Amino acid sequence: MSSNKRHILLSFAHRAEAKSFLNELPFRPLPGLTDCYSLEKDSERLSLVITGEGRENAMLQLSSTLAILKERSANDEFEVHNFGVCGYLQSFPSKFERGQVLSVKTIYAQKNHEEMEFKSFSSQKIGEADLISTSDRILSTDAADYLSNFAPLVDREAWAMAYTCHKQNIPFTCTKVISDFADGEICARVKEESEQWSEALLRHFLTLEASESIDSHSFKDQLKDLHITISQERSLNNLFKALEIKGFSLTEVLNQCDYKDLLSLEVRPKEKTKELIKRMGDLLNPLEKQLRERLNEVTSPLQRAGFKVRYDQGHENDVIHLTTSLEQSCNINQLISGLEEFEYLKFKEILRGKDV
Amino acid sequence: MFSRIFVEKSVANFPQVAVIKERFSKVPVTEIDAIEDIFGRVKKPYLQKRENLQLFLGKKKGTLVKEAPEAYGLAGEPHYYFIHAYNCIYECEYCYLQGYFQSPDIVLFLNHDDIAKEIETTIARHENKTVWFHAGEFSDSLALTHLSGELPFYFDLFKRYPKAKLELRTKSANIKDLIKMDPLKNIITSFSLSPEKRIKATDLKTPSLKHRLIAMKKLQELGHPIAIHLDPIIHEDQFLETYEELFSELKTYLDLNQIAYVSMGVVRFTSKVFHQVKKNYPKSELLAAEFHSSFDGKVRYPRPFRLWLLGKIKDLGLKAGLRDEQIYLCME
């Protein structure tokens, strides 16, 4: 288990909620882990964890499972998808029905009976309704009415799972089936009908799976002739995303950056990547390139004379910083003539926006 | 428009509440003790305004009139803004309200009497000076006036203080209530404008340029003073051509000579807002722009570009017939 794969961890609070998943999909228990299962597919890995009820259990079990899975599959790209039942607060204005399967948008938490946690977490995908993870089971109408000011759905665990994922920078999504009306008479009935809810969740999951396609053609595949360091990969990724917003396809970017010519340069592979980053930067920031060229032109006497030239970040001041080293007395005259030749007023005009 | 209305008990009997409830008769109404019991109590994502926008009606507590930041308006005169609403129905990708209140829900404060008292105290503090008041620092000044209904109140107030000035800042074309008022020289409606292409790309859900120009023309014809904010200026290919076109349309619809002032400002963000833009609009053109972290921590174009953009637009304005003294640079 060492190659880089998408790794989806399905999290459930109760075994009954996960029953159909465990029965219908070829999950096997993961050695050394309690209540944790996995199955391997060609393109991705699936794991399943049962956390137990309540926010503390959910947070502890999910974080320890993630830690162990990450140790075992360090290169995997993890995602957590929580499935489970939830209650519906009937005093909320929008109407929902029992048995309805919903993607959750934003998850809030109840701090105690009369207070809400400020922190909220949003699902990575488009959701249909918000949910509150409550501190206790809801046993009174007053409590239900107060909570319905914030969201229509309630559970006990999703917020803790979302928080755990947020802390570990792992994408989190949440799907719930409405099993009851959060009216205090839930437990027995939910247990009785648990098979039905678990089946509904599995059906939803399989639909999701079928509709998702994985784009395996990353730009990195197309740049296999280059040596790309991790930080360069990040820069290339950001530049490409920004150029994509500007309407460039990868092929167009490579053409505009004269990629073929770049490959023929007689420099080290890492330097070629550096040059590609520079060219992509110029393509993205034409004004900056123009400004750099104009400043180079006006400061060329200084550079020829042996000065290193530096400016304030963002050119916020009309300042030019010059550094140099003196080795021989004849250098002094060279520096003086460089300074004399330098047109400071022209430099200032450029920084003041004249004909940038 | 609204999925739910929360009404603070303190304003439950205000006539405007009845008007709003009648207008949204199908929207559920919940009475609450205080806005802050619900609003901002949890972090509600900004884009929930698209499907789950709630309206809160109540009283504003604390400071109601605040000193405006430097370079907020015409230089040399004291500027203040007053707070009678939070949040906006529009969705401009660069808007600083993203994440400002931790909730995109609209709050309308109905205790205009209290705001008026503070305005009067502020005017008294600046005896013999022209004091500016801006409505709409945290909202659009006109977009919801047909609901909030405060315009007659502020027209009455500023009629009594002709030396003080009120600016209503807007991106809307909602002049329904405004045209019912008798124009006052000291109440200026200022419209934020951008080229049409830019409005479509980044000023989501705002009225088109044409609708705004028609509204401005109507106001000008009725004798209401109007002003223009060319803010935020965003660079793009064909930037000069699009602004040339904008000025030409302005000339077609308006008497530029009668425009009270034209402010110009280049797009800028606090780093917090820029982070929100990335989160809320990951495909926004703004994220491919040539921004840098600037001297004050704000994210903006490097200074030479900003000055170049402002210089070029000012030139276009002068060419279109504006006078130098009508133009001022905002937040620069």
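From a predicted model like this one, the values you see are computed outputs, not experimental measurements.
- Under a 4.0 Å N-O distance rule, the pair A:Lys278/A:Asp282 qualifies as a salt bridge.
- One distance of note links CG of B:Leu53 with CG of B:Asn87; it measures 8.0 Å at 0.5 Å rounding.
- The salt bridge (charged side-chain N to carboxylate O under 4.0 Å, His left out) analysis of residues 140-165 of chain A, with sequence neighbours excluded, yields the pairs A:Glu53-A:Arg156, A:Asp155-A:Lys176.
- Taking 4.5 Å as the heavy-atom cut-off, the residues of residues 2-10 of chain B that approach chain A are B:Ser3, B:Arg4, B:Phe6, ordered by number.
- Checked by atom type, the side-chain pair A:Asn317/A:Tyr311 shows no donor-acceptor distance below 3.5 Å.
- A salt bridge between B:Lys44 and A:Asp130 is absent, with no side-chain N of the basic residue lying under 4.0 Å from a carboxylate O of the acidic one.
- B:Phe247 has its ring centre no less than 6.0 Å from the ring centre of B:Tyr243.
- With a 4.5 angstrom heavy-atom cutoff, B:Pro28 touches chain A only via side-chain atoms.
- Under the ring pair (Phe, Tyr, Trp, His ring centres under 6.0 Å) rule, B:Tyr301 has a single partner from B:Phe291, B:Trp308, B:Phe239, which is B:Phe291.
- Taking the six-membered ring where the residue is Trp, the centroids of A:Phe96 and A:Tyr88 are separated by under 6.0 Å.
- Contacts between B:Asp37 and chain A at a heavy-atom distance below 4.5 Å involve the backbone alone (N, CA, C, O).
- Proximity to chain B at a heavy-atom threshold of 4.5 Å picks out A:Glu115, A:Met116, A:Glu117, A:Phe118, A:Ser120, A:Ser122 from residues 115-122 of chain A, in numerical order.
- Relative ring orientation between B:Phe101 and B:Phe39 is described as tilted, the plane-to-plane angle lying within the 30° to 60° band.
- At most 12 heavy atoms of other shown residues, nucleotides or ligands fall within 6.0 angstrom of atom NZ in B:Lys283.
- Of the two parts of A:Ser91, only the backbone, made up of N, CA, C and O, holds a non-hydrogen atom closer than 4.5 Å to a non-hydrogen atom of chain B.
- Proximity to chain A is limited to the side chain of B:Thr30, based on heavy atoms less than 4.5 angstrom apart.
- Between chain A and the residues B:Gln54, B:Glu285, B:His235, B:Gln48, the largest count of heavy-atom pairs under 4.5 Å involves B:Gln48.
- The 12-atom threshold is exceeded at NZ of B:Lys61, counting heavy atoms of other residues, nucleotides or ligands nearer than 6.0 Å.
- Take B:Glu290 and apply the side-chain hydrogen bond (donor to acceptor under 3.5 Å, both in side chains) test, not counting sequence neighbours, and it matches no residue.
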